[in-house]
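Heads up: the structure comes next, in structure tokens.
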Amino acid sequence: MNGEAMVKGDGTVYARGLRKCYGDRVVLDSIDLDVTCGEIVCIIGPSGSGKSTLLRCVDGLEEVDRGILRVNGDDLGFFETENAYRAMSRVEVAAQRTRIGMVFQQFNLFPNMTARENVMSGPVLVKGAPKKPAAQRADELLSSVGLEGHGDHYPWQLSGGQKQRVAIARALAMDPKVMLFDEPTSALDPERVGEVLAVMKGLAEQSITMLVATHEMGFAKEVADKVIFMDGGLIVEQGPPAEVLGNPQERRTQQFLEKVLV
Amino acid sequence: MDATEKPRLHRRGWLEYAAWTACALVAAGVAHTLITNENYQWDVVAKYFTTSTVLRGLRLTIVLTVVVMFFGTILAMGVAVMRASSIRPVRLLASAYITFFRGTPVLVQLIFWFNIAALYPNIAIGIPFTDVSHGVDVNKLLSATTAAIIGLSLNVAAYLAEIIRGGFASVDRGQIEAADSLGMSSATKLRRIIIPQAMPTIIPATGNQVIGMFKETSLVSVLGVAELLQSTQLIYARTYQTIPLLIVACLWYLIMTLALSYPQSLIEKRYSTVRSRVSNQPVILDDVLAGGEAR
């Protein structure tokens, strides 16, 4: 691939031969990824295909067993020596993570904090930003996801869709170069899916790199620059949405899409 | 009467009437013997109830409870954090501590601390392999009260550490992942995310420990510490009015326990409403046994 030169620096994800096992079970195998800055990548595939695990590896929540994984141009969690990858210190890992945003299926908002405090938590508790400007920024972010005036609400006072939008604002508050979405709409009422997807579409127009594991084929078709179909821990097929979703080459992709698109 | 307006009356089983009768009989019997049996010597109870010796004992019992819970909690937090460490030897050390102090009787531990001077007559505090040191005579250092405080604190810390660990475990994994993905440091994560969310589990259980500790302090009477029980024992050793003075002690324990259980019930209610908003209705066992039936 001649694009390798572009897969360096902020906003990129580069992987070669990634492998991840739980005991004897291989959950990711020979994963190659080239995500350039500002690219929107949707990862689709059946449950258990490894798409969540892949995103969790890119966020450093799971450790990969083998292969090269560079996010924002740096080896994630490990540094390369002559014969091995050596683990970084916790402080170095934490510093890398501040530049990667993650949105979880189950939102994972901090229930002991208001929406505003949730959004402020990164800048204030991690970067040590002063509270007043951070609160102001948090309110701006909350209104950018359509939650103006909800700053004082606690997570239990919000609907699923609202919680997820707070979670997106919380991740954005760290000014990440890469945003990861782990099935962000799977835990939502069908009525609430649209509001979250609308926020994500808005984000896609900015120059933040997005990796989205999703079952929303409409979203993938409309927004993605690239669609990756995964099955059994492998990348089966990848390409522009029109090709992967419109004219899949692999038998497995065709089978999956037939069932999903009915 | 319109059938839609009729009240629905529930069955009252014969067991309920029988239970009321039994309850009344027992109450009457207890009241009868309390009044007619002169060996209770209620006048003696009244006489000693607020004497200065007993009140001093009560004060020491309260002070012991507060001091022991204070040191115990601090120690327990350390042990609990160690118990949750990612480093295996640290974890092992903490579980060894918990196993030892929960696995041996408190009474034995107390007597042990009281007699620790037999094991280590002198403690020298100093820097190993140098001449810098300062020796202390353990017998002088360790009064009965100090031994009591050390013994009870070390013991309660083991129980509290398990309570705190349970609190940590009740925090959803996703919370820790969310904090991690923001790049939060371990200390911040513990202080801002884990501890606040573990509190609803920890605080009610700790309240129960306080009430338990209040009564447990009576054990230190064997060391000759003049707390509530020992101070009544000192009196009846002189006057031989054993039963009335034990009643004095029991009444004070009961009064203090009841006084503590009111704030405890408020704490439990507060934290259960914050958490899950479940009603505080007691579990009715025969309903559970009846199973499936519409209530």
Side-chain angles (χ1 to χ4, degrees), chain A residues 52 55-63 71 76-77 87 89-113 117-128 154-156 163 166-167 170-176 178-182 187, chain B residues 77 80-82 84-91 163-206 267-280:
Chain A
S52 282
L55 287 187
R56 293 167 59 82
C57 286
V58 175
D59 195 35
L61 291 173
E62 307 274 354
E63 216 172 80
V71 185
L76 188 78
S89 75
R90 284 188 198 189
V91 177
E92 289 168 312
V93 175
Q96 284 187 333
R97 279 178 161 162
T98 60
R99 308 200 300 148
I100 309 168
M102 179 88 168
V103 174
F104 299 88
Q105 185 177 346
Q106 299 296 342
F107 329 126
N108 293 348
L109 290 183
F110 304 131
N112 51 325
M113 300 180 188
E117 287 166 345
N118 263 285
V119 179
M120 288 162 67
S121 64
V124 174
L125 299 180
V126 178
K127 289 183 175 170
Y154 279 91
W156 59 270
K163 278 187 223 177
V166 175
R170 178 176 68 178
L172 288 174
M174 296 295 277
D175 297 313
V178 175
M179 278 284 279
L180 310 170
F181 296 81
D182 184 7
Chain B
M77 286 195 280
V81 170
M82 283 169 68
S85 167
S86 62
I87 305 161
R88 190 124 185 268
V90 173
R91 229 165 39 225
I163 289 172
I164 295 172
R165 187 173 77 103
F168 287 174
S170 73
V171 179
D172 184 38
R173 253 198 78 77
Q175 291 292 314
I176 292 153
E177 289 184 351
D180 278 341
S181 83
L182 289 171
M184 227 175 258
S185 70
S186 300
T188 311
K189 208 162 53 184
L190 191 66
R191 223 155 34 91
R192 298 305 189 100
I193 309 298
I194 299 175
I195 289 178
Q197 292 186 54
M199 277 308 171
T201 318
I202 293 173
I203 286 185
T206 305
I267 287 169
E268 279 181 7
K269 202 181 269 173
R270 190 189 127 83
Y271 280 107
S272 72
T273 44
V274 165
R275 271 235 129 171
S276 51
R277 276 168 278 282
V278 268
S279 72
N280 281 310

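Proteins come first, then strands; the chains are lettered A, B, ... in the order of their sequence lines, and each starts at number 1.
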A:F110 versus chain B, the contacting section by heavy-atom distance below 4.5 Å: both

Residue-level interface, residues 119-128 of chain A with chain B, non-hydrogen cut-off under 4.5 Å: A:S121, A:G122, A:L125, A:V126

Which portion of A:L109 sits near chain B, non-hydrogen atoms under 4.5 angstrom: backbone

Evaluation steps, side chain to side chain contact (heavy atoms under 4.5 Å, CB included), between B:I163 and B:T206: CA-CA 7 Å; B:I163 289 172; B:T206 305; 4.3 Å; yes

Derivation and outcome, side chain to side chain contact (heavy atoms under 4.5 Å, CB included), residues A:M179 and A:V103: CA-CA 8 Å; A:M179 278 284 279; A:V103 174; 4.0 Å; yes

Part of A:R99 lying under 4.5 Å from any heavy atom of chain B: neither

Chain A contact via B:S181 - side chain, backbone, both or neither, heavy atoms under 4.5 Å: both

Steps toward side chain to side chain contact (heavy atoms under 4.5 Å, CB included) verdict (B:V81, B:L190): CA-CA 9 Å; B:V81 170; B:L190 191 66; 4.0 Å; yes

Closest contact, heavy atoms only, B:A80 versus B:I164: CB-CG2, 3.5 Å

Flag, side chain of A:Q105 to backbone of A:A187, donor-acceptor distance under 3.5 Å: no

Residues A:V58, A:L76; criterion side chain to side chain contact (heavy atoms under 4.5 Å, CB included); working and verdict: CA-CA 8 Å; A:V58 175; A:L76 188 78; 5.7 Å; no

Neighbour count >12 (heavy atoms, 6.0 Å) for atom CZ, A:R90: no

Top contributor to chain A interface from B:R192, B:M184, B:M199 [non-hydrogen pairs under 4.5 Å]: B:R192

Top contributor to chain A interface from B:T188, B:I176, B:D180 [non-hydrogen pairs under 4.5 Å]: B:D180

Donor-acceptor under 3.5 Å (A:E92 side chain, A:S89 main chain): yes

Leading residue by heavy atom contact count with chain B [cutoff under 4.5 Å; candidates A:A167, A:G60, A:P111]: A:P111

Sequence neighbours excluded - salt bridge (charged side-chain N to carboxylate O under 4.0 Å, His left out) pairs with any residue from residues 165-175 of chain B: B:E162-B:R165, B:R173-B:E177

